[in-house]
Amino acid sequence: MTGFRREASEILAELADLRAHDAPTHGGRVLSYVYDSGLAVLDALAADAARLVQPVNGLDPTTFTSVAAMERGVVGFAREVFHGDDEVVGSVTSGGTESCVLAVKTARDAWRAAGGQGQARLVAPVTAHAAFRKACHLLDVAYDTVPIDPATGRPSAEAIGGRLGPDVALVVVSAPSYPFATLDPIAEVAALAAARGVPVHVDACIGGFALGFAEASMPDASVPDLPAWDFAVPGVTSLSADLHKYGYAPKGVSVLLTRGHDRQRFQYFATTEWPGYPVVNPTLTGSKPAGPLAAAWAIIEALGREGFADLTARALRATAALRAAVDGIEGLQVVGDPVGPLMAVRADASVPADRRVDPHHWADAARAAGWHLQLQPALVQADGSALPRTTHLTVTPVTEGVLGELVPALVAAADAVRGVAPVDGRDVLAGLGELPRALDSAGAERLLASFGLLGGAGALPERMAPVLALVEALPAPVTERLLVELLARVVEPAA
Ligand SMILES: *Cc1c(COP(=O)(O)O)cnc(C)c1O
């Protein structure tokens with residue numbers, strides 16, 4: 001064999017240098033995207049497990065029988081956690097989005113098989129994850145959103161029930177929702193839907209593997225009693241839960257469970273009408289890695305229910321502490337009644353403007369001190385009511401150990417920006433004149449540049465509040481086109 005072009009050590013050193021510029025994945029300083037158990041041995045176990053199956057093709061569990069064994073193990077564990085009986089079956093997927101897309105495909109094809117004609121419709125609160133919009137876009141299903149109560153962050157079951165009709169192939173509810181971490185009225189919605197024969201999907205992508213252990217983790221009732229939200233609710237027909245979130249696995253693994261063997265078979269795509277091997281896939285991918293599955297399986301084997309309950313207890317204790325801390329900060333307010341180890345924080349409109357804290361200025365100030373919070377834009381709902389701009393915090397077990405630094409940083413960030421007027425994106429737009437109606441790549445680049453959003457090598461600006469203000473003020477199709485341009489340019493090789 002000829003030698004490599006570069007030494008392996010040199011290649012890896014370059015990668016390590018690139019990684020050093022990433023946001024920190026461990027240590028609790030990034031309160032979104034990453035889920036740190038705080039257990040280095042668990043990460044090492046996951047890496048070893050993934051490495052063992054590195055050459056395996058997860059496409060064919062009859063050829064690579066280890067895949068079938070691990071998938072049975074993971075699905076069996078999830079089914080038990082989420083109170084499914086042996087009528088509940090499922091698959092391991094590559095992530096939350098794939099689980100959601102497959103839940104919609106399953107429902108659409110079941111609806112068609114039952115005689116549904118024309119375009120199917122999906123009904124969901126506006127807080128349902130955007131993955132369902134993507135699913136409907138891909139699968140030609142109409143997406144029908146129900147406004148939520150801006151004060152509680154929850155939809156009313158009656159409002160959802162009022163949207164049901166013969167064209168509705170699926171209702172989606174969240175446990176909890178990503179934007180506000182609130183639990184939808186799942187039993188009430190499921191009862192209304194079941195009465196009309198409409199299936200209900202519970203999106204527990206983010207919270208599932210935490211809420212599933214909430215009771216076990218907090219026998220002292222420091223967690224409020226949750227109403228039933230999983231397969232314990234009779235009308236719930238499917239549920240998604242990500243193992244690469246509170247399952248602490250590396251990215252690329254989620255589980256989709258469906259009640260009823262017959263219903264679940266609609267998840268599959270099968271064809272023998274080509275001259276190659278028969279293609280029979282329960283997922284969107286063909287060839288696929290077994291690594292994330294192996295890592296998730298190994299973590300489940302190591303932790304068991306007790307280990308998960310312990311990690312959930314840490315995350316929930318940290319969440320309660322952070323909630324109390326935010327409640328104690330003048331000018332800020334937690335949105336609604338978050339149930340998961342996550343929350344959204346808004347400006348407290350009950351205090352005078354000069355005492356309010358804009359959550360986006362707050363996030364930028366925290367960022368300058370090394371804490372990454374996630375900014376979420378304000379949104380006007382279809383009924384005209386406004387959802388506030390917020391800052392999102394996803395809390396993980398490791399957060400508990402850094403509360404002593406995080407809480408003072410959040411207090412100091414609020415003190416630094418209290419009374420500072422929120423950025424109004426309309427002011428930025430006022431100087432621009434008429435916006436172009438259709439943007440090509442060059443036009444989008446010019447517009448981004450005029451906003452000062454074309455940093456070198458895709459670097460984002462230091463302050464995100466002005467960017468989010470633009471997201472709020474620009475028409476959605478314009479913002480979407482600009483963001484496509486921004487993201488596309490980040491990965492384009494230099495000219
Ligand atoms: C993260 C998330 C998803 C999408 O999951 P990905 O793994 O990012 O594709 C769907 N629903 C909710 C509630 C989520 O938090």
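Both ligands and their constituent atoms are indexed starting at 1 by order of listing. These figures come from a predicted structure and were not determined experimentally.
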Give a yes/no verdict on whether any heavy atom in E98 is under 4.0 Å from an atom of ligand 1.
no
Hey, do the aromatic rings of Y35 and H244 have their centres closer than 6.0 Å?
no
Atom indices of ligand 1 within 4.0 angstrom of [X] heavy atoms, with elements:
X    : result
H244 : 7 (O)
G96  : 4 (C), 5 (O), 6 (P), 7 (O), 9 (O)
C205 : 2 (C), 3 (C), 10 (C), 11 (N), 12 (C), 14 (C)
T97  : 4 (C), 5 (O), 6 (P), 9 (O)
D242 : 1 (C), 5 (O), 7 (O)

Flag for [Y]-[X]: side-chain donor and acceptor within less than 3.5 Å:
X    : Y    : value
S174 : D203 : no
H392 : T390 : no
S91  : Q267 : yes

What class does the angle between the rings of F308 and F213 fall in, given that below 30° is parallel, 30 to 60° is tilted and above 60° is perpendicular?
parallel
Checking T93 side chain against G95 main chain: does a donor-acceptor pair fall under 3.5 Å?
yes
I need the contact type for D203 against ligand 1. Using non-hydrogen atoms and a strict under-4.0 Å cut-off, is it side chain, backbone, both or neither?
side chain
What residue and atom, counting heavy atoms only, is the protein's closest point to atom 10 (C) of ligand 1, and at what distance?
H129 CG, 3.3 Å
Assess whether ring pair (Phe, Tyr, Trp, His ring centres under 6.0 Å) is satisfied between F209 and F82, documenting all intermediate values.
CA-CA 9 Å; F209 283 103; F82 302 126; 5.2 Å; yes
Quick check: does K245 get an N/O under 3.5 Å from an N/O on ligand 1?
yes
